[in-house]
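Written below as structure tokens is the structure these notes are about.
For the numbers below, each heavy atom of this structure counts, side chains included, while hydrogens, waters and symmetry mates do not. The first residue in the sequence is number 1, and the count goes up from there.
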Amino acid sequence: MTNPTRSLKRILNGRLDYSELLKPPRPDEEEPEPQKQTVRRRVTPRKVLQNIPLMVGLAIVVALFFLVLFGPLWAPENPYLVGTTTLTMVDGELQAPPFPPSETNPLGSDQWGRDILSLLLYGARNTLVAATFITLARVILGTVLGIIAGWNEGKASDHAIMGTVGVTSSIPLLLTGMLLIFALDIRRGIIVFLIALCVVGWGEIAQYIRGEFITLRQRPFIEGARAMGLTGAQTAIRHVLPNILPALVVISLLEMGATLLLLGELGFVGVFMGGGTAQENNFITSATIPDIPEWGAMMADSRVWARGRPWMVFYPGLAFFLAVLGFNALGEGLRRLMERGSFNTNFILSKKMLLVVGVVVAATWYIVGHVGPAPSYAQLARNFDGDAALAHAAAIVDFGDRRPGTTGNDETADYIAARFEEYGMQPGGGGRSYFQTFNTRLVEALSPPTMALLDADGQPLAQFTHLDDFAFRIDGHGGSGATTAPVTVVTFDPEQRQWPVEVFAGMDLRDQVVLVRGDNAPEGFSTEALIRGARAVLIIEDDAYGLRDQVQLAEFGADYGRRPTLPVLAITPDAADRLLAASGSSLAAVDSNIEAQKGQDPWQLIPLTSQAQIQVELSEPRSIELRNVIGMYPGQDVALNRDLLVVLAHYDSLGDASADGVVYQSADDSAAAVAAMLEIGRLWHEQDYTPRRSVLFVALTGSDLDYSGADAFATNYAGPAATLVDVAGFSLARLASGGDRLEISDGPQRVSDLFERNASTLDVPVERNEPLSHRYQEILRRNLPMIVVQRTDSAVPLADDTLERLDAELLREAGEAVNLTLITASRDASW
């Protein structure tokens, strides 16, 4: 009859004396007569059901199996993506974590604000699969070494193995495991835990197997096997090993309980898988945050909360208790079955067992490769929906003319603010508003500005395109006017530094359209040209950002639109070449003339045979209010929430660039980038993502004004994030068309490397370049540790930047890369 006290000890104790598990019959000549007559019966369903330890253990182990398979799916939240250490409203009261059990946190939270139920469900897979692999490795290692030692009793191999067992057994298993884990560097992750705990704890198994082999070697059937010519290895595997397999089944289950018990003990003393992330303050480690949901990690440091917050230590302790109880009870139940009846263990030596081992190894490999926050970050990033982002871009384009000061611009700002609020962002503009406002004065074209090239007889030769070939200027006397006049090139001594009025004596520009190089002409030359009788001034500007009309009176008291006015146009080098070619000249020839002029005449006139026809009609200045739209996700970690990440894109466009109703959509240049920000916000809100660092989303206006929304944000921002420390910025533009690679500007090495690493994780190719497409990005780079992100080969004429060109797949790829970079930067304490 089974001793109840001994059975209870076997169930609750993870460190059993394996020699008492099964006592195989003694050799035939030593067996007492009654035992020889005993017939071992097969196991019946009734015996199984009456075996209480077996049924209890089986129920618990099956439940644990389902937790391993489906635990993360059942979890209320993903502990890799949520958690807070800041004050949070709980049941109408402001509280700091750990939070007590409530509707939001059924089992309470830990000190980092993570839901304990979710940690238990996520941790089941990590803890139990790791324990299974460790147990399997220990049993295999102990069995193999025990066989070698038992079959070679008294030989060198036996002494070496038993000597090793003696040494390892003399040191407490907890201490040995800790030493190995720290020696292999706990910071290297779960693989260190697996290696360290696999090579300890096998000694008792080896001793037991050795003893059984020594006993079984004396049995008559062993002599029969030798007589048949079987080798020692063949005899051991075919005839000895099957006799100890029933005991190995029980040992494996009990060893599983012992492994779980060891994991719990290690966790309780602060040693857990991954080692956690150290949080430092003034170079002093202030806390260690477990970054892998695992039951041992939940036990770490929780003992200091045991009196005031007992749920923190109770529930992970209960999980370990039930798991150890389940495996030990199942082992005890199987032992009872084997004592009372025969039990077929042939499957252990079959191909099915190899399949089981393969599944355990594969599951462990999966856990090792997917444990930690990085896979959850990547999964959240991959949920970026390119089609949903494209829908936002279409909604923005539908507002039509989005130039500063237009109804479309205001409607776009309101749309973005509404989405920020819908996606749970806090107002970031200041004064509980999503808007940062600033006032300015603008002029606009009353009719389409035109520029054409005529021959000497007034016949048209070429028509130039507004904003692709030329744009108007309003500084000085620049303004409205219309003229048709011959073109004269004016070049200047490039070494001349002082330009007194007397230098221009004799310069006759009456009834001429003057063409000058912007980097060669004296400052304010358009005023001197007006005085000398010029009818218009063309300034060649080699601007990498593209031409934009000067519509803003940006500086208070500066000289704008002074009367009388004349057309002053900036033209591209290509347009200048076309204009010069009509007279048999070229821009290269003009540059050669400037080079030859060094130290010679201060200026020279080169009349052309062609004429220019120019018309500019501008309104009077009007005062308007412009609005940046700013939303904020405050950081939820008191140690990190003063760090600020900033994401920026502009939402305005050139819009109705003329009085004839032509609307430039700026679909990729602005709408797609803002759409990417909105989709990231939607995704974070839908997944309840909580960043540890603060994240600011900024939709800028007036992107191409002299004093832009970027200037206002960089120099006059006074919202809730103004006191935070900028650690990284990302300026987005042109993400949905162009080449198959993203390009990023050279910025802070740390920020650039972070983006490249995360893009590589998603297989999105990236190259470093200087993709600055707007002047305002230079302003931002001077004030933020920022990089610019856009697609290669994405620049197109304004009229071609339409919604039809946008590619949802390209937008998705870019959005995923930006999203993953933001998630990593906002959650990873060590970044």
Side-chain angles (χ1 to χ4, degrees), residues 14-15 80 110-112 119 123 125-138 141-142 163-205 255-305 312-313 316-317 319-320 324 364-365 367-374 639 828-831:
R15 305 275 197 284
Y80 291 117
D110 66 2
Q111 64 268 46
W112 312 108
L119 289 170
R125 179 178 295 176
N126 298 333
T127 303
L128 295 174
V129 171
T132 303
F133 181 84
I134 293 169
T135 299
L136 186 63
R138 283 180 177 181
L141 183 60
T164 303
V165 170
V167 172
T168 57
S169 299
S170 64
I171 306 173
L173 189 58
L174 178 65
L175 181 59
T176 307
M178 287 177 58
L179 290 175
L180 283 174
I181 289 168
F182 285 115
L184 294 172
D185 190 355
I186 191 173
R187 295 171 298 179
R188 295 173 61 185
I190 190 174
I191 189 66
V192 169
F193 240 81
L194 296 179
I195 294 173
L197 298 187
C198 282
V199 299
V200 299
W202 51 267
E204 292 177 344
I205 301 172
E255 190 62 32
M256 182 71 175
T259 302
L260 286 167
L261 190 61
L262 179 60
L263 291 175
E265 291 170 351
L266 286 169
F268 199 73
V269 297
V271 181
F272 48 87
M273 294 184 191
T277 300
Q279 239 183 40
E280 297 184 354
N281 185 15
N282 296 328
F283 305 103
I284 300 176
T285 301
S286 57
T288 302
I289 304 175
D291 47 19
I292 298 175
E294 187 265 324
W295 292 352
M298 294 177 68
M299 297 286 289
D301 296 330
S302 62
R303 64 184 183 276
V304 302
W305 299 89
M312 290 180 57
V313 67
F320 271 116
V324 173
T364 306
W365 175 84
I367 292 296
V368 171
H370 292 77
V371 78
D828 189 347
S830 62
W831 172 74

* Asked: Which pair of non-hydrogen atoms, one from M299 and one from V313, has the smallest distance, and what is that distance?
  -> SD-O, 4.2 Å

* **Smallest separation among heavy atoms of L197 and I134, with atom names** => O-CG2, 3.4 Å

* Asked: Could you give the distance from CD (E204) to CG (L173), rounded to the nearest 0.5 Å?
  -> 8.5 Å

* Listed by chain and number, what are the ring-ring contact (aromatic ring centres under 6.0 Å, His included) partners of F133, not counting sequence neighbours? -> none

* To do: Could you pull out all residues at least two apart from W202 that satisfy ring-ring contact (aromatic ring centres under 6.0 Å, His included)?
  => none

* To do: Decide yes or no on side-chain contact (heavy atoms from CB on, under 4.5 Å) for F320 and T127, but give the supporting numbers first.
  => CA-CA 10 Å; F320 271 116; T127 303; 4.2 Å; yes

* Asked: Quick check: does any side chain N or O of R138 sit under 3.5 Å from a backbone N or O of V200, one acting as donor and the other as acceptor?
  -> yes

* When you measure from the side chain of N126 to the backbone N and O of P293, does any donor-acceptor pair fall under 3.5 Å? -> yes

* **Close side-chain approach of L119 and W295, heavy atoms under 4.5 Å** => no

* Apply the test side-chain contact (heavy atoms from CB on, under 4.5 Å) to residues I195 and L180: give CA-CA distance (whole Å), side-chain angles for both, the deciding distance (0.1 Å), then the verdict. => CA-CA 9 Å; I195 294 173; L180 283 174; over 6 Å; no

* Identify the heavy atoms of P316 and M298 that sit nearest to each other, and give their distance. => CB-CB, 3.8 Å

* Structure fact -> CD1 of I186 to CG of L266, rounded to nearest 0.5 Å, is 8.5 Å

* Chi angles and distances behind the side-chain contact (heavy atoms from CB on, under 4.5 Å) call for F272, L263 -> CA-CA 8 Å; F272 48 87; L263 291 175; over 6 Å; no

* To do: Write down the atom of V165, the atom of T168, and the distance for their closest heavy-atom approach.
  => O-OG1, 3.1 Å

* Asked: Looking only at heavy atoms, which two atoms of A300 and G270 are closest? And how far apart?
  -> CB-CA, 4.0 Å

* With side-chain contact (heavy atoms from CB on, under 4.5 Å) as the test, would you mind laying out the steps for F193 and V271 before giving the verdict? => CA-CA 10 Å; F193 240 81; V271 181; 4.1 Å; yes

* Between CD of E294 and CG of L128, what distance do you get to the nearest 0.5 Å? -> 9.5 Å

* Could you tell me whether the side chain of S169 and the main chain of G166 form a donor-acceptor pair under 3.5 Å? => no

* Say you draw a straight line from CG of L141 to CD1 of I205; how long is it, rounded to the nearest 0.5 Å? -> 8.5 Å

* **For the student: nearest non-hydrogen atoms of L261 and V324, plus distance** => N-CG2, 3.9 Å

* Distance from L184 atom CG to I191 atom CD1, nearest 0.5 Å? -> 10.0 Å

